[in-house]
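From a predicted model like this one, the values you see are computed outputs, not experimental measurements. Worth knowing before you read on, the calculation uses all heavy atoms, side chains too, and leaves out hydrogens, waters and symmetry mates.
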Amino acid sequence: MHSDEIVDLESTVDEASLRRSEKLSDELKEKIREDASPFRMLTGDRPTGRLHLGHYFGSLKNRVELQNAGVDSWLVIADYQVITDRDAVGEIKERVYGLVTDYLAVGIDPERAVIFPHSQIPAINELVLPFLSLVTDSELRRNPTVKAELDASGNRPMSGLLLTYPVHQAADILFCKANVVPVGKDQLPHLEQARVIAQRFDRRYGRAAGATHPIFPRPQALLSEAPSVLGLDGQKMSKSRGNTIELGMTADETAKLLKKAVTDSERRITFDPVGRPEVSNLVQLTALATDRDPHDVAQEIGDGGAGALKKAATEAINDMMAPIRARREELANDQGYVEQVLRDGIARATAQAEETLREVHEALDMVYLPYA
């Protein structure tokens with residue numbers, strides 16, 4: 001997408017826009033490989049439950065790779081967004097600590113990454129107010145992500161928080177001046193809302209005193225290459241369906257779940273995601289855990305049938321997860337360290353958010369007293 005282009009957010013991404021986004025994403029990946037130092041990434045999760053293998057292969061592994069490549073990494077725990085479509089927060093403190101523990105266990109390094117819950121950073125949430133002046137009610141209602149979230153909530157009455165969900169997410173992205181956001185194809189409209197807000201702010205309100213560049217860079221999408229991972233019942237992997245392998249599970253718990261995984265009656269194991277989705281899913285999990293091609297995995301198992309496939313998947317996943325589980329157990333016994341990681345992340349995010357808000361106030365000519 002060209003830097004001076006604002007797209008209509010009324011519809012989902014069309015084929016031409018998707019191809020263009022893929023091309024730009026490929027170019028971005030190449031730039032990161034050449035020199036990661038100019039890039040700052042913002043990504044994160046809602047604390048609605050425990051992380052599982054779908055999260056690991058879909059995003060966590062990629063975050064660690066980007067961090068290790070030298071990308072400045074910021075991870076938001078979007079705790080306020082839990083109540084966009086729920087009447088209560090549930091065991092949110094436990095889930096927040098669980099997220100931090102999982103992040104650290106898979107290899108997120110708090111020396112190179114900032115981990116923070118956005119509810120604890122008032123300046124981020126204050127940015128939502130001027131950002132709301134840059135979007136219209138009709139734009140928000142047309143946003144495909146808002147529509148999807150509303151459908152997922154069972155078409156309950158839309159709350160103001162749900163309607164403004166994309167604006168709140170834009171504040172998460174823009175406060176730290178992230179210029180890279182890893183997303184799936186279905187999340188492109190969400191990111192485009194942040195890009196639109198960044199450009200409109202610069203056009204309407206200008207810049208901080210003496211600044212030669214916009215306050216907010218227009219973040220670029222880094223499209224995920226991770227294959228879709230199904231649950232153990234062959235359906236979409238979901239915490240609510242109970243078809244996931246959680247990062248916090250033991251090797252025995254994992255083995256028991258995989259033993260019950262859905263397959264089919266054909267003995268010959270093949271990798272055919274369309275014709276044999278359940279079998280192919282186990283093949284793919286085995287391949288992802290061992291960094292192999294799924295066709296090679298299927299050929300190796302051959303006529304071994306479902307039993308051999310489940311045995312291979314269990315061994316591969318448990319071997320891959322062993323160091324993660326060991327690290328997670330260490331962290332579970334050292335809550336003081338986890339608390340310190342949160343404390344440090346909140347302090348760093350607060351400093352950045354307050355600096356960004358100061359620039360916003362200057363652009364809005366809303367600085368009435370000298371800054372201390």
* Do any N or O atoms from the side chain of Ser159 and from the backbone of Thr84 form a donor-acceptor pair under 3.5 angstrom? -> yes
* CA sep, side-chain torsions, deciding dist, call: Asp45, Tyr103, side chain to side chain donor-acceptor pair (under 3.5 Å) -> CA-CA 11 Å; Asp45 303 278; Tyr103 289 164; 2.5 Å; yes
* Sequence neighbours left out, what passes salt bridge (Lys or Arg N to Asp or Glu O under 4.0 Å) with Asp109? Give chain and number order. => Arg112
* Thinking salt bridges, do Glu139 and Arg200 make one under a 4.0 Å N-O criterion? -> yes
* Taking atom types as modelled, find out whether Gln284 and Ser280 have a side-chain donor-acceptor pair closer than 3.5 angstrom. => no
* Asked: Looking at Val297, Thr290, Asp296, which hits side chain to side chain contact (heavy atoms under 4.5 Å, CB included) with Asp293?
  -> Asp296
* Asked: Taking only residues at least two apart or on different chains, which pairs with a member in residues 276-309 satisfy ring-ring contact (aromatic ring centres under 6.0 Å, His included)?
  -> Phe271-His295
* To do: Apply salt bridge (Lys or Arg N to Asp or Glu O under 4.0 Å) to Asp35 and list each qualifying residue two or more places apart in sequence or on a separate chain.
  => none
* Set of ring pair (Phe, Tyr, Trp, His ring centres under 6.0 Å) partners for Tyr80, sequence neighbours left out -> His118
* How long is the span from the CG atom in Asp137 to the CZ atom in Arg142, to the nearest 0.5 Å? -> 9.5 Å
* To do: Dump the intermediate steps for side chain to side chain donor-acceptor pair (under 3.5 Å) on Glu354 and Thr350, then the final yes or no.
  => CA-CA 6 Å; Glu354 289 179 349; Thr350 296; 5.7 Å; no
* To do: Just do the side chain to side chain donor-acceptor pair (under 3.5 Å) check on Asp344 and Gln340 with the steps written out, would you?
  => CA-CA 6 Å; Asp344 292 345; Gln340 189 59 50; 2.7 Å; yes
* To do: Answer yes or no: does atom NZ of Lys311 have more than 12 heavy-atom neighbours from other residues, nucleotides or ligands under 6.0 Å?
  => no
* **Test applied, side chain to side chain contact (heavy atoms under 4.5 Å, CB included); reference residue, Thr43; option that passes from Val76, Leu66, Leu222, Leu75** => Leu75
* So, are Lys256 and Glu253 salt-bridged, with charged N and O less than 4.0 Å apart? -> no
* To do: Using a strict cut-off of less than 4.0 Å between a Lys/Arg side-chain nitrogen and an Asp/Glu carboxylate oxygen, indicate whether Arg33 and Glu30 qualify as a salt bridge.
  => yes
* By salt bridge (Lys or Arg N to Asp or Glu O under 4.0 Å) - contacts of Glu22 (at least two apart) -> Arg19, Lys185
* Are the aromatic ring centres of His168 and Phe131 under 6.0 angstrom apart? -> no
* Structure fact -> ring pair (Phe, Tyr, Trp, His ring centres under 6.0 Å) filter on Phe201, not counting sequence neighbours, yields Tyr205, Phe216
